[in-house]
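Just so it is clear: chains get the letters A, B, ... in the order the sequence lines come, proteins before strands, and each one is counted from 1.
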Number of protein chains: 2
Amino acid sequence: MAVTMNDVARAAGVSLKTVSNVLNDYEFIRPATKQKVLDAIAELGYEANLTARSLRSGKTRMLGLVLSDLAAPYYAELASKLMKAASARGYRVLVEQSAARKDNELSALKGTFRQLTDGLLFTPLALNADDIAANSGRKPVVMLGEHIDDPRFDLVTMKNTEAASAVTAHLLSSGRRRVVILGAAHGDVGGSNGLRLTGYRGALAAAEADYDPALVVPCEWRRDAGAAAVGNLLDSDVKFDAIFGLNDAVALGALHELIIRGVKVPQDVALAGFDDIEEARFASPSLTTVAPGMDEIAERSVGLLIDRIEGAETSESAIHIEAGFELKVRESAPGKS
Amino acid sequence: MAVTMNDVARAAGVSLKTVSNVLNDYEFIRPATKQKVLDAIAELGYEANLTARSLRSGKTRMLGLVLSDLAAPYYAELASKLMKAASARGYRVLVEQSAARKDNELSALKGTFRQLTDGLLFTPLALNADDIAANSGRKPVVMLGEHIDDPRFDLVTMKNTEAASAVTAHLLSSGRRRVVILGAAHGDVGGSNGLRLTGYRGALAAAEADYDPALVVPCEWRRDAGAAAVGNLLDSDVKFDAIFGLNDAVALGALHELIIRGVKVPQDVALAGFDDIEEARFASPSLTTVAPGMDEIAERSVGLLIDRIEGAETSESAIHIEAGFELKVRESAPGKS
DNA sequence: CCTAACATCTACAACGTTATAGAATCATCC
DNA sequence: GGATGATTCTATAACGTTGTAGATGTTAGG
């Protein structure tokens, strides 16, 4: 049905392998021969069969992207950028949603999903480092985000602690003293929540403000969870004059609940988020947050993974990349006026 | 390296083809034989090589999804649901971003992307019906969204005209008379903008309100474009007391600009959107909008496409499915009080 | 001119699966 | 008990590409 290499070879009067050689830029081909083949390809409208190529070569030129939920704004924006970065290097991205469930993450790591891809961009939420080490096979895996910080794995992340510290310091600098941190639990150590909590505590200490565990409010990183958590907080007798949401979704959920309850932002409570999703810029009031250098993260994680796949990156030990960040001061938590 | 069918066959003491038959649920296999094979598979940890299977069978069990930008909230939510629906039927989804560019849409339609997928869920923005008909090949394509409404293609969409009419009627019913429609151009006919414009005009007529072309404001369906368009409108001498954004992003961009300019929503200007993305529920004020039955769209488009792929749907003529909708009345345009 | 070295091309096998066609086994019927 | 047909299994080819190894042509050096 479709035109194959064989058809091209016949049309060009050369062998099958010569066509293959032309397509793979083999060095020793006479210009005249090459032209004959290219002409035949153009004339017949030949396109290489990627499946056959994959079977023979063992490469799919696809990257796997495992994340919890593509509908979460941060992941949607990240996925879009990753796809563009991959596309620029001749790769596609196949996305798998894990719903942050251990079984799904495990099957993405070792199941048939793996076959379809040459390497993985992995955002583990349920698996721990040992699980991953035991199940990640021989193809390269680059960790994305911050939940796993282990010397065994390549990792592309951002300066979580420093950024969280900067946000907290910003809130404190405007005179706030009781800053709720929304989305972490007291005692968190690893993962982005732990790192960000550390940054928060560091900034408190630097400003000689007390750390009050009652202000550490755990919740899932979603709008609805943020709203519910703030609702509970308002119903309690905990006093606070600022909220630091550990991502923008949680902060925007909090914002919604504050406004519904008649709490003025930023007058009564200042609010900051984390991620700088586009929505943050258009919220009312617009959301003070941290831009995590998503372009850099996308660019470098794809670059590192492809280098590993193609053997360009031969460093034996894992590579850890930390993208820069930028504090975006907006209406929800302005600087001191 | 990896375990192959041959290894399984040897271990089970049967032929290669018998293993294949077991895996493909071939009817005539003795239970004892089947068990031997299954045992061998379990023991060796065999997993079928999907690439080889694809090459031989010509099926990839992947659906292609072509949309302009995965970072757009509506598409992100839709993609997430489509992936879940496909997964439930044993398919994966491979996403391609077109940036609404003709060349990208064309290459998604006829290029190598097509090889990797058994069928396409296609949201054409730049191509017209004839382009698509001429380039869509033999594998099934289901149109998604509303930009192409042509009897040649399968289509899953929603009741654009009726929904737009309902939104407009709702705005009018609260006493508004000068309703800006944001995101369509005067004279649009086809596509979702044209259909929604028709609904808008129908509702105006039903309420005996005048149609004023000055209130038809074209803009791209993005937050920033919506904000800019409303900014221009406020700077002009056009008077209005309501805005109907043709999608939520545009409406939320408009909302941001209105608030910045000190225009009270809904007191001065009522505002409604279209799509009911999650962000709409958490905006301040929360956004009145139309929920397009996204679950139904996802479910039915994937269902239809897979039925076409597997030959279950043999209808010669194209199938058009219209999902229902629901008006979500929220703070930005409450009912009459 | 012969030979070595290099450039250019080709035949054939291989990747791991499914499809085809037919062989072997078993039950059923008269 | 032999024929018939149904069931169960297998050998072999095929999908379209790349890898291996070697064949053929061409140039340069002596």
Side-chain angles (χ1 to χ4, degrees), chain A residues 1-38 40-41 44-62 90 112 114-116 118 138-139 309-311, chain B residues 1-38 40-41 44-62 90 112 114-116 118 138-139 309-311:
Chain A
M1 208 56 123
V3 180
T4 75
M5 267 190 177
N6 232 320
D7 302 328
V8 174
R10 203 166 13 244
V14 298
S15 79
L16 179 64
K17 188 68 223 265
T18 296
V19 178
S20 171
N21 285 338
V22 169
L23 289 172
N24 292 287
D25 283 322
Y26 180 63
E27 191 180 358
F28 300 117
I29 300 184
R30 271 194 314 229
T33 309
K34 184 168 181 172
Q35 197 53 51
K36 270 194 303 185
V37 171
L38 292 176
I41 286 174
L44 298 177
Y46 167 79
E47 279 200 327
N49 180 315
L50 299 187
T51 306
R53 179 174 286 174
S54 288
L55 175 59
R56 184 62 242 229
S57 70
K59 300 284 182 187
T60 63
R61 294 192 80 81
M62 287 223 245
T112 53
R114 217 51 205 293
Q115 284 185 18
L116 296 169
D118 293 339
R138 290 173 313 284
K139 291 181 182 174
I309 289 169
E310 297 180 349
Chain B
M1 208 55 123
V3 181
T4 75
M5 266 191 178
N6 234 319
D7 302 327
V8 174
R10 203 165 14 242
V14 299
S15 79
L16 180 64
K17 187 67 224 267
T18 296
V19 178
S20 171
N21 285 338
V22 168
L23 289 172
N24 293 286
D25 283 321
Y26 179 63
E27 191 180 359
F28 300 118
I29 300 184
R30 269 195 316 228
T33 309
K34 184 167 181 172
Q35 196 52 51
K36 271 195 303 187
V37 172
L38 292 176
I41 287 174
L44 299 177
Y46 167 79
E47 278 200 329
N49 180 316
L50 299 186
T51 307
R53 179 173 286 174
S54 289
L55 175 59
R56 183 60 243 228
S57 70
K59 300 284 181 187
T60 63
R61 293 192 80 82
M62 286 223 245
T112 54
R114 215 53 204 291
Q115 284 185 18
L116 296 169
D118 293 339
R138 289 173 312 285
K139 290 181 183 174
I309 290 168
E310 298 181 347

Inset, instruction - Round to a whole Å and report the spacing from CG of A/Asp7 to C1' of D/dG16. - result: 11 Å

Legend entry - Phosphate contact (D/dT20 OP1 or OP2) by A/Tyr26 side-chain N/O below 4.0 Å: no

Legend entry - Heavy-atom side-chain proximity of A/Leu23 to A/Met5 below 4.5 angstrom: yes

Legend entry - Per A/Asn24 side chain, nearest of listed nucleotides D/dT18, C/dT10, D/dT8: D/dT18

Inset, instruction - Could you check whether A/Leu16 gets within reach of a base, just the sugar-phosphate, or nothing at all, counting any heavy atom under 4.0 Å? - result: base

Inset, instruction - Look at B/Ser20 and C/dT18 and indicate whether a side-chain polar atom (N or O) is within less than 4.0 Å of OP1 or OP2. - result: yes

Legend entry - Phosphate-side-chain proximity, B/Thr33 and D/dC9, N/O vs OP1/OP2 below 4.0 Å: yes

Inset, instruction - Give one of base, sugar-phosphate or nothing for A/Thr4, where a contact means two heavy atoms less than 4.0 Å apart. - result: sugar-phosphate

Legend entry - Short side-chain N/O contact from A/Thr18 to OP1 or OP2 of C/dT10, under 4.0 Å: yes

Inset, instruction - Could you tell me whether A/Leu55 contacts a base, only the sugar-phosphate backbone, or nothing, with contacts defined as non-hydrogen atoms closer than 4.0 Å? - result: base

Inset, instruction - Measure the distance from CD on B/Glu27 to P on D/dT7 and round it to the nearest whole Å. - result: 7 Å

Inset, instruction - Can you tell me the distance, in whole Å, between the CD1 atom of A/Ile41 and the P atom of D/dT17? - result: 10 Å

Inset, instruction - Let me know the distance between CZ of A/Arg53 and P of C/dG16, rounded to the nearest Å. - result: 19 Å

Legend entry - Among C/dT18, D/dC9, D/dT8, the nucleotide that comes nearest once only the side chain of B/Phe28 is considered: D/dT8

Legend entry - Side-chain touch A/Leu38/A/Gln35, heavy atoms, less than 4.5 angstrom: yes

Legend entry - Sugar-phosphate, base or nothing in reach of B/Leu23, heavy atoms under 4.0 Å: nothing

Inset, instruction - Measure from CG on A/Leu50 to C1' on D/dG16 and round the result to the nearest Å. - result: 11 Å

Inset, instruction - Would you mind reading off the distance between B/Lys34 atom NZ and D/dC9 atom P, rounded to a whole angstrom? - result: 11 Å

Inset, instruction - For B/Thr51 and A/Leu55, indicate whether the former's side chain and the latter's backbone hold a donor-acceptor pair under 3.5 Å. - result: no

Legend entry - Non-hydrogen side-chain atoms of A/Val14 and A/Lys34 separated by less than 4.5 Å: no

Inset, instruction - Check whether any side-chain heavy atom of B/Asn49 sits under 4.5 Å from a side-chain heavy atom of B/Thr4, and report yes or no. - result: no

Inset, instruction - Please tell me which of B/Lys17 and A/Asn21 maps to the more 5' nucleotide of DNA chain D, matching each residue to the nucleotide holding its nearest heavy atom. - result: B/Lys17

Legend entry - Between D/dG25 (C1') and A/Arg30 (CZ): distance, integer Å: 8 Å

Inset, instruction - Looking at every strand, decide which applies to A/Ser54 at a 4.0 Å heavy-atom threshold: base, sugar-phosphate, or nothing. - result: nothing

Legend entry - Donor/acceptor link under 3.5 angstrom from A/Arg56 side chain onto base of D/dT17: no

Inset, instruction - Would you confirm whether B/Gln115, through its side chain, and A/Ala48, through its main-chain N or O, come within 3.5 Å as a donor-acceptor pair? - result: yes

Inset, instruction - Please report, rounded to the nearest Å, how far the C1' atom of D/dC15 is from the CG atom of A/Asn6. - result: 12 Å

